[in-house]
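Given the structure is predicted, the values throughout are model-derived calculations rather than measurements.
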Amino acid sequence: MRDATQDIRTVQPTGAPPNPWQVFARTAGTIWSNGKAKLGLIILAFFVLLAVFAPLIAPYGATENGFDRSADASPEHWLGTTAAGEDVLSQLIWGAQISIFVGLVAGALSTLVAVLVGLSWGYTRGFIADVINFIVNLFLVIPGLPLMIVIAAYLSGGGIGMIIVVVVITGWAWGARVLRSQTQSLRSRDFVTAAVFSGERPFRIVFREILPNMTSLIVGSFFGAATAAILAEAGLEFLGLGDSSIVSWGTMLFWAQNSNALLTGQWALLFAPGLCIALLATSLTLINFGVDGISNPRLREGKQR
């Protein structure tokens, strides 16, 4: 007969907290089980690898202009050259760095602002909540593109940092409103009420009790903000409101438009960067389908459903 104490030692307590690595593996498996999210992850990984290993992959430098101008596609230049004598394929590869960097950084900062404002707005009441409500509604009713153009024109000459600031200023309000609604719903739950009666401070209740229950919503908000940031960066650069001296997919569109690429038959100058922007934005949108499956089991696919 086995010793009962030995059985007790080998059984893990049911109230033990889950292993963080197990939670991460389960979450990653849920996202990967979604066919749309899997396709999005593959596309995103391709562009990230392209940006990281651009110095090794690109056949020429980003601003190397010692080639024939406006040349057609050839074995030396697969997508031709620009009006300044630069290799289009090399610029396409190097441009992935700026577009992905702006998308991730601006998306993360927009999400951070949305989380701070949304949670504070949803938990507090009274005058402070009314002030936050007025500010958020003000940003929501102002058209985003005109506001973005005005701010970018006023802050011209700031380079990539200016574009990130403009995207953050104009891109946090929608996420804050969604997070505010969820915070108000969680505020009335029993575990929050118990924390209030136990004397916990509001700061700890918001960020230790409410915030962990909104992880999937915050991640989804990040992917949405990153998608908007990528499109906004390309739009501002195309309009000439960014730094035209850098090489990004947006500046490629700007210079292609200035050189009348369509009239000269060089469709690759416009089509290639436009396709990359569309694919990168689509990949983030597809990944969001898998993120939605974390909070809503009905949306899961395959074995995880």
*Has the side chain of Asp87 got a donor or acceptor atom that lies under 3.5 Å from a matching backbone atom of Ser90?*
yes
*State the SG-CD1 distance between Cys276 and Ile230, to the nearest 0.5 angstrom.*
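Reported value, rounded in 0.5 Å steps: 11.5 Å.
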*Can the ring centroids of Phe139 and Trp172 be said to lie less than 6.0 angstrom from one another?*
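They qualify: ring centres under 6.0 Å apart.
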*Testing Leu239, Ile277, Asn258 for side chain to side chain contact (heavy atoms under 4.5 Å, CB included) with Leu253, which one passes?*
Ile277
*Distance (rounded to the nearest 0.5 Å) between Thr124 OG1 and Asp130 CG*: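 These two atoms lie 9.0 Å from each other.
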*Do Asn133 side-chain atoms and Ala129 backbone N/O form a donor-acceptor pair below 3.5 Å?*
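No, Asn133 side chain to Ala129 backbone: no donor-acceptor pair under 3.5 Å.
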_Under 3.5 Å donor-acceptor, Thr193 side chain and Arg189 backbone_ =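 Yes; at least one donor-acceptor contact below 3.5 Å.
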*Side chain to side chain, Ile98 and Val247, heavy atoms closer than 4.5 Å*: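 The answer is no; the side chains never approach within 4.5 Å.
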*Check whether more than 12 heavy atoms from other residues, nucleotides or ligands sit under 6.0 Å from atom CZ of Phe207, and answer yes or no.*
yes
*Would you mind reporting whether Glu237 and Pro273 have side-chain heavy atoms less than 4.5 Å apart?*
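SC-SC contact between Pro273 and Glu237 ruled out.
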*Verify whether the ring centers belonging to Trp249 and Phe238 lie closer than 6.0 Å.*
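Here the rings of Phe238 and Trp249 have centres that are no less than 6.0 Å from each other.
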*For side chain to side chain contact (heavy atoms under 4.5 Å, CB included), just list the numbers for Val113 and Leu109, CA-CA rounded to whole Å, side-chain angles, deciding distance to a tenth of an Å, and then say yes or no.*
CA-CA 6 Å; Val113 176; Leu109 293 178; 5.6 Å; no
_Using only atom types and a distance under 3.5 Å, with no angle test, would you say the side chain of Ser259 pairs donor to acceptor with the backbone of Ala256?_
yes
*Main-chain N/O of Gly85 paired to Thr81 side chain as donor or acceptor, under 3.5 Å*: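 Checking the backbone N and O of Gly85 against the side chain of Thr81, no donor-acceptor pair under 3.5 Å is found.
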_Just verifying a value: how many Å separate Leu79 CG and Gln91 CD, rounded to the nearest 0.5 Å?_
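Here the rounded value is 11.0 Å.
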*Backbone of Leu217 reached by a side-chain donor or acceptor of Ser221 within 3.5 Å*: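 Here the side-chain-to-backbone pair does not exist.
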*Does the Trp121 side chain pair with the main chain of Ala176, one donor and one acceptor, at a distance under 3.5 Å?*
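Side chain of Trp121 to backbone of Ala176: no pair is present.
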*Could you check if a side-chain atom of Leu269 sits within less than 4.5 angstrom of a side-chain atom of Trp255, using non-hydrogen atoms only?*
no
*Under 3.5 Å: donor-acceptor pair, side chain of Thr251, backbone of Phe254*: no
*Out of curiosity, Arg187 CZ to Leu119 CG, how far, rounded to the nearest 0.5 Å?*
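Going from CZ on Arg187 over to CG on Leu119, the span is 12.0 Å.
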_With a 3.5 Å distance limit and no angle check, can you tell me whether Glu86 reaches the backbone of Asn65 through a side-chain donor-acceptor pair?_
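Between the backbone of Asn65 and the side chain of Glu86 there is no qualifying donor-acceptor contact (under 3.5 Å).
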*Any donor-acceptor pair under 3.5 Å from Asn288 side chain to Leu284 backbone*: no
*So do the side chains of Met148 and Leu236 get within less than 4.5 Å of each other, counting heavy atoms only?*
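A side-chain contact exists here, since the closest heavy-atom pair is under 4.5 Å.
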